[in-house]
Amino acid sequence: MREIWPSVLYLAQLISTVACNAPTVPLDDIVIEKTFVPEHCDRAVKAGDFVRYHYIGMFPDGKKFDSSYDKGSTYNVFVGRRQLIEGMDKALLDMCVNERRLVKIPPQLAYGKDGYVDFPLSTGDIIPPDSVLHFDVLLLDIWNPQDQVEVKTNYKPETCTRTVDVSDFVRYHYNGTLLDGTLFDSSHTRLRTYDTYVGIGWLIAGMDKGLLGMCVGEKRVITMPPFLGYGENGDGSDIPGQASLVFDVVLLDLHNPKDGIMVQPQVVPETCPRKSQEGDYMRYHYNGTLLDGTFFDSSYSRNSTYNTYIGKGYVIAGMDEGLLGVCIGERRRITIPPHLAYGEEGTGTSIPGSAVLVFDILVVDFHNPSDTVQINTSFRPKVCDTRSKKGDFVKYHYNASLMDGTFIDSTYRYGKTYNIVLGAGQVVLGMEMGLQDMCVGEKRTLIIPPHLAYGERGVDGEVPGSAVLAFDIELIDMEEGLPDGYMFVWKENVSPSLFAEMDKNKDAIVEATEFSDYILQQVNEGKGRLAPGFDPHRIIENMFTNQDRDGDGKITENEFKLKADELQEHDEL
């Protein structure tokens with residue numbers, strides 16, 4: 001007796017008396033009524049296939065004699081290997097998964113004249129001799145021992161620079177179903193990817209094979225027979241034994257533990273006087289995404305560059321490396337594997353664990369704390385006898401910008417020059433340095449690092465913190481300054497009766513008005529000279545204060561001294 005209905009014996013007492021009265025219907029062959037046929041049928045049963053199906057066994061009068069549903073398990077068997085009654089072997093051929101059939105089997109293709117009796121347990125016939133049997137069959141699964149993993153690609157990105165290989169680490173989402181569409185698991189419901197190595201036995205064999213050759217962003221349906229899935233026993237919960245598995249997969253990430261960073265130049269300036277190196281301080285913009293394009297951060301959204309030292313561990317290792325050797329104004333893409341980024345843990349928020357990161361960066365500027373002012377002279381007059389120095393009063397035009405070309409300010413927009421005394425601290429130190437040793441008519445470009453400009457704080461609303469500045473300057477005019485420490489000098493020999501000349505009313509006291517009138521007269525007559533670029537009245541006021549030793553608002557002859565007679569330097573006579 002073939003072991004076809006091994007669990008029907010418990011029904012023997014219940015149905016034997018009914019079954020004995022089942023009428024005989026003369027049939028020459030099986031009769032098949034297709035009660036449901038799916039729209040799509042990728043595969044139909046052939047001899048030698050293994051199938052899983054549900055069934056209800058009935059006599060022609062509708063009385064049930066057996067059911068797989070009652071047992072809570074499908075019937076699993078090879079077709080065409082005489083493991084079934086002959087009629088069922090024929091009835092299952094050409095069936096599709098999810099197809100439902102009502103099959104009528106004559107006795108000669110079922111249990112014939114002997115019927116089916118289990119003598120040790122039964123008190124009577126279960127299936128009487130010459131019984132016609134009806135089966136309501138629902139096919140749930142098909143596979144063959146010759147099957148391999150089947151891969152169907154539903155979407156593949158236009159560009160695919162790399163595909164999954166053995167020992168790669170991947171992050172992917174999936175929906176897992178049985179062949180009939182029953183969902184048994186999904187990474188989407190857990191709101192996290194499945195992260196694993198490929199090809200080294202961390203996955204079931206079918207998935208290990210099915211993921212090979214995938215691109216990031218690719219979508220595949222991977223179908224595998226049970227011997228490449230969970231085999232005869234299933235997983236003990238949602239996956240039954242001998243079940244084919246279908247995984248709908250989208251690959252989100254891919255790297256190898258041996259990977260380094262990948263740098264892809266996108267825009268490189270035509271001229272690059274200097275490339276970044278370890279220890280430089282850099283300001284750059286970036287857009288940060290995961291490998292599948294998912295956005296996680298951007299400096300542009302904060303309207304502020306990211307400012308940091310490079311090569312010193314202030315940023316993740318991959319960014320430290322990727323920012324070396326760039327030019328100001330360069331755009332590049334830096335792809336960083338997780339072991340050079342945020343590792344297995346991620347950031348806990350926008351960056352998942354084991355994620356490859358992609359940064360599209362724009363280098364705005366960089367400098368080194370040891371940098372000084374860069375001076376590039378674009379024009380110098382042929383005759384250049386007099387050059388600017390400390391104390392000179394210079395008038396110049398400028399255009400000021402950041403290194404990325406962002407406009408800051410220009411004297412041309414105001415229609416007048418910018419006028420300063422060199423060395424008087426009226427401009428940033430870098431400008432002081434850049435204006436030295438110039439001829440009238442000379443044109444220069446000054447590149448000033450932030451520590452010689454506006455430093456880490458910048459100028460609110462105008463100059464960002466830690467910004468390198470570019471000034472295009474033209475020296476328009478220059479007036480020679482006085483020697484260092486002097487605010488007034490005589491152009492002629494000093495009168496030996498200087499105090500008496502100042503004391504107009506001859507009261508032996510020089511008051512402030514007498515002092516001021518006298519000095520201005522000497523300047524107007526060309527006998528003396530005030531330091532250029534300063535308020536003359538303030539200079540004269542300071543000169544008077546320095547001579548007024550006791551601070552009583554007047555100068556006596558005993559208080560009055562020339563500069564040459566002073567032991568300490570004062571801005572005075």
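Predicted model only: the values in this text are computed from it and were never measured.
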Taking every non-hydrogen atom, the tightest pair across Y398 and I473: CB-CG2, 3.8 Å
If you measure from the Lys or Arg side-chain nitrogens to the Asp or Glu carboxylate oxygens, is any gap between E514 and K504 under 4.0 Å? no
Do F471 and L469 come close enough that some side-chain heavy atom pair is under 4.5 Å? yes
T193 and R171: which non-hydrogen atoms are nearest, and at how many Å? OG1-NH1, 3.3 Å
Under 3.5 Å donor-acceptor, T377 side chain and F379 backbone: no
Gap between atom CD1 of I420 and atom CG of L435 - 0.5 Å precision: 5.0 Å
Is E218 reaching over with its side chain to a backbone N or O of C215, donor-acceptor style, under 3.5 angstrom? yes
Validate the cation-pi geometry between K312 and Y309: distance from NZ or CZ to the six-membered ring centre under 6.0 Å, angle to the ring axis within 45°. yes
Closest contact, heavy atoms only, L254 versus M214: CD2-O, 4.5 Å
Under a 3.5 Å cutoff, is there a donor and acceptor pairing between the side chains of Q521 and E525? yes
Electrostatic pair K389-D484, nearest N-O below 4.0 angstrom: no
Looking only at non-hydrogen atoms, find the nearest pair between V463 and A467 and report the distance. CG1-CB, 4.1 Å
Can you confirm whether the side chains of N287 and D360 place a donor and an acceptor under 3.5 Å from each other? no
Any chance the side chains of S354 and E344 put a donor and an acceptor closer than 3.5 Å? no
Compute whether any side-chain donor of one residue and acceptor of the other, for T445 and N376, lie under 3.5 angstrom apart. no
Inter-residue atom distance Y396.OH - E442.CD, 0.5 Å rounding: 14.5 Å
Could you check whether Y314 and Y306 have their ring centres less than 6.0 Å apart? no
T556 vs N558, side-chain hydrogen bond (donor to acceptor under 3.5 Å, both in side chains): CA-CA, chis, key distance, verdict: CA-CA 5 Å; T556 64; N558 290 334; 5.1 Å; no
Is the shortest side-chain N to carboxylate O distance from R190 to D185 below 4.0 Å? yes
Heavy-atom nearest pair, P269 first then I328, reads CG-O, 3.2 Å
D409 side chain reached by E462 side chain, heavy atoms, under 4.5 Å: no
Looking at every non-hydrogen atom in both residues, tell me the closest pair between I336 and M319 and how far apart they are. CD1-N, 3.5 Å
For V363, does its backbone N or O pair with a side-chain atom of E330 as donor and acceptor, under 3.5 Å? no
Could you walk me through whether N307 and Y284 pass the side-chain hydrogen bond (donor to acceptor under 3.5 Å, both in side chains) check? CA-CA 7 Å; N307 309 333; Y284 62 95; over 6 Å; no
Salt bridge flag under 4.0 Å for residues R162 and D259: yes
Kindly write out the residues that satisfy side-chain hydrogen bond (donor to acceptor under 3.5 Å, both in side chains) with R192, not counting sequence neighbours, or none if the list is empty. none
Parallel, tilted or perpendicular: which fits the ring planes of H339 and H255, with parallel below 30° and perpendicular above 60°? tilted
Counting N and O atoms only, with roles assigned by atom type, does the side chain of D292 sit under 3.5 Å from a partner on the main chain of L252, one being a donor and the other an acceptor? no
State whether the side chain of D320 and the backbone N or O of I310 hold a donor-acceptor pair below 3.5 Å, judged by distance alone. no
For this output row, return yes or no: ring centroids of F247 and Y172 closer than 6.0 angstrom. no
Between T305 and H285, is there a side-chain donor-acceptor contact under 3.5 Å, judged purely by atom types and distance? no
With distance as the sole test, does D371 use its side chain to make a donor-acceptor pair with the main-chain N or O of N368 at under 3.5 Å? yes
Electrostatic pair D503-K554, nearest N-O below 4.0 angstrom: no
How about H397 and T417: does a side-chain donor come under 3.5 Å of a side-chain acceptor? no
Does a sphere of radius 6.0 Å around CG in N303 hold more than 12 heavy atoms from other residues, nucleotides or ligands, not counting ones at 6.0 Å or beyond? no
Salt-bridge test for D297 and R302: reply yes if a basic N is under 4.0 Å from a carboxylate O, no otherwise. yes
For side-chain hydrogen bond (donor to acceptor under 3.5 Å, both in side chains), just list the numbers for H173 and S187, CA-CA rounded to whole Å, side-chain angles, deciding distance to a tenth of an Å, and then say yes or no. CA-CA 6 Å; H173 270 304; S187 62; 2.7 Å; yes
From R283 CZ over to L362 CG, what is the distance, rounded to the nearest 0.5 angstrom? 10.0 Å
Applying side-chain contact (heavy atoms from CB on, under 4.5 Å), run through L498 and W490 and close with a yes or a no. CA-CA 12 Å; L498 183 60; W490 294 99; 3.7 Å; yes
Sorted by chain and residue number, the side-chain hydrogen bond (donor to acceptor under 3.5 Å, both in side chains) partners of T308 (sequence neighbours excluded) come out as none
Are side-chain heavy atoms of V489 and P483 found at a separation under 4.5 Å? yes
Would you call the rings of H367 and Y281 parallel, tilted or perpendicular, taking 30° and 60° as the class edges? tilted
Heavy-atom donor-acceptor pair, T545 side chain to E541 backbone, under 3.5 Å: yes
Validation row: L340, I316 side chains within 4.5 angstrom (heavy atoms): no
So, do V364 and V468 sit near enough that their side-chain heavy atoms are less than 4.5 Å apart? no
